[in-house]
Amino acid sequence: MSELDASPTTSQTITRVSLLWGAALVLAIVAAIAAISAVKGASGPAQPVRAYLAALQAGDGARALGALRAQVPPGSAAMLDGAPLRDSMSRVQNLTVGEPKAAADGRQDVPVTFTSGGANYTSDFLVEQTGTDWLFFPQWSIVPAALPTVEATVVNSTRATLNGAAVNMPSGHNSFPVFYPGSYVGSLAGQYFAADPKSAVATQRNTQAHLALETKATPALTGAIEAKAKEFLDDCAKTASSKQQLQPACPFSFVTGNRIVDGSIAWGISDYPKASVTPYNGQWTVAPLAGKAHLTAQQIDLFTGRQSQLSVDRGFTFTMKMDVSGSTITLTPVIG
């Protein structure tokens, strides 16, 4: 009886073992397929591009440069690491790594699309096989090339701000090797001279982007010039009135063939000048200042002896010499 009972039990055991081995084999195959897929995805043509972009977003210039294997052109390295690099990427949005496309010599072209300032851009990364993983999976690297540069200029200044960093601008110019994709914003802040922000977007290797900062006089400077002109003209009119002068040492004067009654001359300024400052030959010049003076007096006609009221406006112009020394501005009115 025991021999008859043993046969089914043995058969069931063999069946269970076979099922377990079968399940283990299936799991092993699935795991192998998953591992192969993971390795293939991790070592595909887009992998070095993704690693490079991740380094840019972290502001890690050394890691980004290693992933890009780029040549660094001459110039200031101020934009290649840290806060300026992170600032650049803060304006690079909607980054999308596209499908690789076959290129010459077995290489692949990996497109990266992005937006910046509301505009659409594409950066292209050429990758090549530089080895294998697990003996038969291709390993890809970005083909070395020169970084792009931002060629920045600024009017009448040796300094500027680029991506939040103070940078030197010898003779009003500097060259900045930069990573791509990237957004670079320059400006100049100052009490008397300033330049509004201007931006440049770097999209491709071995290219140049231009960023020109147009420095202008600030309202504080033009206001100071206008205040100085008003003070000068008011003093001039007051002195001319007190000395009863028709041709004072002022920008304004009056000539008449009639006789003027003593004590009746009164000068005033009816229209004060508006100031304008322009760059010229590496310096700053104040454009000629124009205004109007008003003269009142009693006059006597030499032929008829008739006395009448004189009331005239006299247009005038004069210049203002401006000396700039650091943050000190010296203004000197010039007549004639």
Side-chain angles (χ1 to χ4, degrees), residues 56 59 75-94 114-121 147-204 207-229 273-290 320 322-331:
L56 289 188
S76 169
M79 298 296 105
L80 294 179
D81 194 36
L85 180 54
R86 288 191 295 272
D87 183 77
S88 167
M89 296 306 293
S90 71
R91 291 180 296 278
V92 174
Q93 300 163 341
N94 305 313
F114 65 99
T115 61
S116 185
N120 298 319
Y121 299 93
L147 287 176
T149 60
V150 170
E151 303 298 320
T153 58
V154 61
V155 174
N156 284 2
S157 181
T158 57
R159 62 182 181 85
T161 297
L162 187 57
N163 279 19
V167 294
N168 292 323
M169 301 289 285
S171 300
H173 170 266
N174 210 341
S175 180
F176 299 89
V178 296
F179 288 113
Y180 68 100
S183 170
Y184 300 90
V185 176
S187 63
L188 176 64
Q191 181 180 3
Y192 297 122
F193 300 101
D196 292 334
K198 292 290 183 68
S199 63
V201 178
T203 61
Q204 304 291 348
T207 57
Q208 289 184 346
H210 296 275
L211 196 157
L213 299 180
E214 300 176 2
T215 313
K216 298 178 181 179
T218 65
L221 178 57
T222 55
I225 295 172
E226 290 169 2
K228 181 70 173 180
K274 298 295 182 183
S276 175
V277 179
T278 57
Y280 176 74
N281 198 27
Q283 301 294 324
W284 294 100
T285 62
V286 180
L289 298 163
M320 185 88 72
M322 181 173 66
D323 292 320
V324 181
S325 178
S327 59
T328 301
I329 306 292
T330 302
L331 300 169

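Values below: every heavy atom of this structure, side chains too, minus hydrogens, waters and symmetry copies.
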inquiry  = Looking at every heavy atom in both Gly182 and Val92, which two are closest together, and how far apart are they?
reply    = CA-CG2, 3.9 Å

key: For the student: nearest non-hydrogen atoms of Arg86 and Gly59, plus distance   = CG-CA, 3.5 Å

task = State, with a plain yes or no, whether a side-chain heavy atom of Thr330 is found less than 4.5 Å away from one of Met322.
result = no

message = Any side-chain to backbone donor/acceptor pair from Glu226 onto Ala275? Under 3.5 Å, distance only.
response = yes

message = Which heavy atom of Ala202 sits nearest to which heavy atom of Phe114, and what is that distance?
response = O-CZ, 4.4 Å

inquiry  = Between Asp87 (side chain only) and Ser183 (backbone N and O only), is there a donor and an acceptor less than 3.5 Å apart?
reply    = no

query = Does atom NZ of Lys198 have more than 12 heavy-atom neighbours, drawn from other residues, nucleotides or ligands, at distances under 6.0 Å?
reply = yes

ask   = Under 4.5 Å between any side-chain heavy atoms of Asn163 and Arg91, yes or no?
value = yes

task = State, to 0.1 Å, how close Ala217 and Thr222 come at their nearest heavy-atom pair, and which atoms those are.
result = CB-CG2, 4.2 Å

query = Taking atom types as modelled and ignoring hydrogens, do the side chains of Thr115 and Asn94 form a donor-acceptor contact shorter than 3.5 angstrom?
reply = yes

query = Is there side-chain contact between Arg159 and Leu188, with at least one heavy-atom pair below 4.5 Å?
reply = yes

task = Answer yes or no: is there a donor N or O on one side and an acceptor on the other, between the side chain of Thr149 and the main chain of Pro177, under 3.5 Å?
result = no

task = Could you grab the distance from atom NZ of Lys216 to atom CG of Asn156, nearest 0.5 Å is fine?
result = 14.0 Å

CD (Gln93) with more than 12 external heavy atoms under 6.0 Å = yes

ask   = Would you say Tyr121 and Val201 make side-chain contact, with heavy atoms under 4.5 Å?
value = yes

inquiry  = Let's go through Leu213 and Thr153 carefully: what are the C-alpha distance in whole Å and the side-chain angles of both, what is the deciding distance for side-chain contact (heavy atoms from CB on, under 4.5 Å) to 0.1 Å, and is it a yes or a no?
reply    = CA-CA 6 Å; Leu213 299 180; Thr153 58; over 6 Å; no

ask   = Can you check whether Phe193 reaches Ile329 side chain to side chain, under 4.5 Å on heavy atoms?
value = yes

note = Output for pair (Leu80 CG, Leu147 CG), nearest 0.5 Å, gives 6.5 Å

request  = Please round to the nearest 0.5 Å and tell me the distance separating atom NE2 of His210 and atom CD of Glu151.
outcome  = 6.5 Å

ask   = Any side-chain donor paired with an acceptor under 3.5 Å for Ser157 and Thr215?
value = no

query = Can you find a pair of side-chain heavy atoms, one from Ile225 and one from Leu331, that are under 4.5 Å apart?
reply = yes

ask   = How many angstroms lie between atom NZ of Lys274 and atom CG of Leu289, to the nearest 0.5 angstrom?
value = 11.5 Å

ask   = Are any non-hydrogen side-chain atoms of Tyr184 and Ser199 less than 4.5 angstrom apart?
value = no

task = Measure across Tyr180 and Thr203 and return the closest heavy-atom pair with its distance rounded to 0.1 Å.
result = CD1-O, 3.3 Å

query = Any side-chain heavy atom of Val167 sitting closer than 4.5 Å to one from Phe176?
reply = yes

request  = Sequence neighbours left out, what passes salt bridge (Lys or Arg N to Asp or Glu O under 4.0 Å) with Asp81? Give chain and number order.
outcome  = none

key: Nearest heavy atoms of Ala152 and Met169, plus distance in Å   = O-CE, 3.3 Å

message = Determine whether a donor-acceptor pair (N or O, by modelled atom type, separation under 3.5 Å) exists between the side chain of Ser187 and the backbone of Pro197.
response = no

message = With a 3.5 Å distance limit and no angle check, can you tell me whether Asn174 reaches the backbone of Asn168 through a side-chain donor-acceptor pair?
response = yes

query = When you measure from the side chain of Ser171 to the backbone N and O of His173, does any donor-acceptor pair fall under 3.5 Å?
reply = no

